[in-house]
Each structure stands twice: as structure tokens, then as C-alpha cells.
Amino acid sequence: METGSDILFFWVARMVMLCSYLKPTPIINNNDNNNSNNNNDKNINIDNKLFRPPFPTVLLHPMVRDAQGRKMSKSLGNVIDPLHVIDGITLPALQQQMRMSTTLAQEEKAKAEKGMALDFPQGIPACGTDALRFTLTAYTQQGRNINLDIKRVEGTRHLCNKLWNAARFVLSHLQHQHQQQHQAQNDKSFTTTNATPLSQIDNSLHAADYTLADKWILSRL
């Protein structure tokens with residue numbers, strides 16, 4: 001099971017106890033006994049009998065918080081929707097979505113609007129999926145909590161754009177050289193504005209066998 005550390009005792013421990021009480025799974029055959037000897041710390045002992053827990057391993061992911069380290073809360077207006085980071089959203093649209101919420105009182109909605117205006121005065125810029133994934137992965141090197149800052153995601157987007165442009169530049173020259181040497185019959189100038197047909201990617205860059213996805217990505221560069 002994979003979850004966050006904040007609900008470890010609120011939900012995970014209760015589920016283990018409730019499942020073990022309502023429908024315990026006893027260890028009865030030899031294979032189970034052999035496995036239980038290697039995983040004694042993961043089995044449950046009830047009345048001197050070993051029972052298998054509903055999930056013997058619990059993986060804890062880092063907690064995603066706002067840039068100030070506060071836990072995300074609708075009443076604070078600091079909840080960040082991943083789709084808003086990917087596609088971008090304006091501040092009025094953020095506030096309008098919050099006003100449509102039926103779980104907040106009017107006082108909490110007013111407080112949330114002020115929080116949104118402070119945290120996202122210009123809204124949330126469109127950063128894309130790759131930049132969001134790259135940023136979250138980089139955050140995990142620092143500790144168990146992720147203080148997600150939209151400005152850092154935006155900076156990662158600029159880095160991804162630089163990597164993309166560098167790849168386009170290198171592949172355009174390599175592809176042009178390859179076409180001159182091995183495809184004289186289709187000797188045409190390579191331009192970055194036109195996509196390369198998939199049929200011309202099979203042996204480019206002297207690479208190993210490309211998958212269909214690899215060929216499509218190369219055709220877009």
C-alpha cells in the first residue's frame with residue numbers, strides 16, 4: 001500500500017486492525033509457514049496463531065505542501081491542482097472555482113480568496129507535464145516534505161525548453177548528415193519546421209531498434 005504519513009494512524013492502522021478482526025487470513029500450509037518464518041515481523045499474532053495482514057508493506061510518499069510549508073487546505077486557498085500547473089489558470093478563474101465549492105462557509109471562502117491573491121497574484125502559468133514531474137522528482141532529494149513553489153516549476157519549464165531546443169539542434173544536424181550519406185535519392189534540405197516521416201527514422205543516428213513511440217518522438221524534433 002502507498003499513502004502519506006499524515007494518515008498512517010488515522011486510516012492505515014485502523015484498516016489493518018479492522019480487516020484482521022473481521023476477516024483474518026490464517027497461515028495454514030507449509031509454503032505459508034516458510035514465508036512466515038522469513039516475514040515474522042509482518043505477520044499478526046492472534047491467540048498464538050499467525051495471520052497475514054491485508055497489506056504487509058506500506059510505502060510512504062512525501063507530503064506536498066505550499067511554498068511556505070503549510071499543509072494544503074481549501075480554507076487557506078493554497079491548494080494546487082496539478083492540472084492548473086500543467087495547463088495554467090488565471091487568478092479570477094481560480095477564485096471562481098473556489099466560490100463554487102459547497103464545502104466551505106462564506107467566511108472561509110473570503111479567507112481563501114485573500115490567500116489565493118497573495119500566493120498567485122498573476123495566476124498559475126502553464127508549465128507542462130514534464131516540468132511538473134521533473135520538479136517533484138528534484139524535490140524528493142531534499143527531504144520528506146515538498147514545499148511546492150510555482151516559480152520553481154516555471155524555472156524547470158525553462159530548463160526543459162532549453163533541453164528540447166538543444167535536442168532539436170543536434171538531431172537536425174545529425175539527421176541532415178545521415179540523409180546525405182544514406183538517402184541520396186531523397187536528398188532534401190532538412191528543416192526543423194517540417195516533421196521527418198517515420199519511415200526515415202528507422203536507421204537514423206545509428207541507434208538500436210527504435211520503438212514506435214521513439215520514432216514518433218524523433219519525427220517531431
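The structure displayed is predicted, hence computed values, not measured ones.
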Worked verdict on D130 versus R157 for salt bridge (Lys or Arg N to Asp or Glu O under 4.0 Å)
CA-CA 8 Å; D130 292 334; R157 183 194 68 182; over 6 Å; no
Hydrophobic cluster identity match, [X] and [Y], side-chain contacts under 4.5 Å:
X    : Y   : result
I7   : M17 : no
V85  : M72 : yes
M100 : M98 : no
M15  : V58 : yes

Within the structure provided, determine whether [X] and [Y] are in side-chain contact (heavy-atom separation under 4.5 Å).
X    : Y    : result
P82  : L132 : yes
T57  : M1   : no
C127 : T156 : no
L59  : T3   : no

Working to the nearest 0.5 Å, report the span between [atom1] of [X] and [atom2] of [Y].
X    : Y    : atom1 : atom2 : answer
I146 : T135 : CD1   : OG1   : 10.0 Å
L94  : I124 : CG    : CD1   : 5.0 Å
R152 : Y139 : CZ    : OH    : 4.5 Å
K111 : Q106 : NZ    : CD    : 15.0 Å
L163 : F134 : CG    : CZ    : 7.0 Å
T129 : I86  : OG1   : CD1   : 4.0 Å

Counting only heavy atoms from other residues, nucleotides and ligands, does the tally under 6.0 Å from [atom1] of [X] exceed 12?
X    : atom1 : result
E2   : CD    : yes
R99  : CZ    : yes
K109 : NZ    : yes

What do the steps show when you test Q95 against E113 for side chain to side chain contact (heavy atoms under 4.5 Å, CB included), and what is the final call? CA-CA 6 Å; Q95 295 175 335; E113 283 193 29; 4.3 Å; yes
Report task. Just do the side chain to side chain contact (heavy atoms under 4.5 Å, CB included) check on M116 and L91 with the steps written out, would you? Result -> CA-CA 7 Å; M116 287 181 176; L91 177 59; 4.0 Å; yes
In short, S5 meets M63 closest at the heavy-atom pair OG-CG, 4.0 Å
On a heavy-atom basis, the closest approach of P62 and T140 is CG-CG2, 4.1 Å
Subject >> Verdict with reasoning, N147 to D149, per side chain to side chain contact (heavy atoms under 4.5 Å, CB included) >> reply: CA-CA 6 Å; N147 297 341; D149 190 349; over 6 Å; no
Steps toward side chain to side chain contact (heavy atoms under 4.5 Å, CB included) verdict (Q97, H84): CA-CA 12 Å; Q97 288 189 1; H84 294 164; 3.2 Å; yes
Note to self: Closer than 4.0 angstrom, basic N to acidic O: yes or no for R70 and D119?
What the structure shows: yes
